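Notes to accompany the following structure.
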Amino acid sequence: MQSSSQVLTDAKTRLSDILMTISWREFARSYFGKSSSWLYHKLDGKKSDGSSGGGFSPDETEKLRQSLLDLSERISKAASSL
């Protein structure tokens, strides 16, 4: 776990196991109200202009964490209903 004051720049590596499974366009829109390109820049540790040095702020990292937990609960409920 990282310090709460650091920018998360390696999210893509940390999420590599699920990158191809999730519709990140829908995820970005539903949980962040942003475009998929915004999310992909964040996942790549890029700023909005494509330059390096970006990533998720501590607040965005927490929102990402909470969003993934919510999605996992929704998947679990759907599986349990079968």
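Since the structure is predicted, the reported quantities are computational estimates derived from the model, not experimental observations. Note that these values count all heavy atoms, side chains included, but never hydrogens, waters or copies made by symmetry.
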So do T9 and D44 actually touch side chain to side chain, heavy atoms under 4.5 Å? no
Interatomic spacing from CG in L69 to CD in E73 - rounded to 0.5 Å: 6.5 Å
Taking side chain to side chain contact (heavy atoms under 4.5 Å, CB included) as the test, write out the residues that go with S36, two or more places apart. R25, Y40
Set of residues satisfying salt bridge (Lys or Arg N to Asp or Glu O under 4.0 Å) with respect to K63, sequence neighbours excluded: none
Taking only residues two or more places apart in sequence or in another chain, which ones pass side chain to side chain contact (heavy atoms under 4.5 Å, CB included) with S51? K47, D49
L15 and L68, any side-chain heavy atoms less than 4.5 Å apart: yes
Residue set satisfying side-chain hydrogen bond (donor to acceptor under 3.5 Å, both in side chains) with E60, at least two apart, ordered chain then number -> K42, S57
Kindly give the heavy-atom pair with the smallest separation between A28 and S35, and that separation in Å. CB-O, 3.5 Å
Taking L19's backbone N and O only, do any of them form a donor-acceptor pair with W24's side chain (distance below 3.5 Å, no angle check)? yes
Hey, mind stepping through L71 and I22 against side-chain contact (heavy atoms from CB on, under 4.5 Å) and telling me if it holds? CA-CA 10 Å; L71 184 58; I22 294 175; 3.9 Å; yes
In chain order, what residues pass the side-chain hydrogen bond (donor to acceptor under 3.5 Å, both in side chains) check against K46, with sequence neighbours excluded? none
Give the table of side-chain donor-acceptor pairs shorter than 3.5 Å for residues 75-82, with sequence neighbours excluded, one pair per line with atom names and distance.
residue: S80; atom: OG; partner: S76; partner atom: O; Å: 3.0
residue: S81; atom: OG; partner: A78; partner atom: O; Å: 2.7

Only counting residues at least two apart or in another chain, list the ones meeting side-chain hydrogen bond (donor to acceptor under 3.5 Å, both in side chains) with S72. none
Residue list, side-chain hydrogen bond (donor to acceptor under 3.5 Å, both in side chains) with S67, at least two apart or on another chain: none
Side chain to side chain contact (heavy atoms under 4.5 Å, CB included) against A11, all qualifying residues, sequence neighbours excluded: L8, L43, F56
Could you walk me through whether L64 and F27 satisfy the side-chain contact (heavy atoms from CB on, under 4.5 Å) test, starting with their C-alpha distance in whole Å, then the side-chain angles of each, then the deciding distance to 0.1 Å, before giving a yes or no? CA-CA 10 Å; L64 177 61; F27 185 87; 3.7 Å; yes
So, using side chain to side chain contact (heavy atoms under 4.5 Å, CB included) as the criterion, who are the partners of E26 when residues are at least two apart? S23, R29, S30
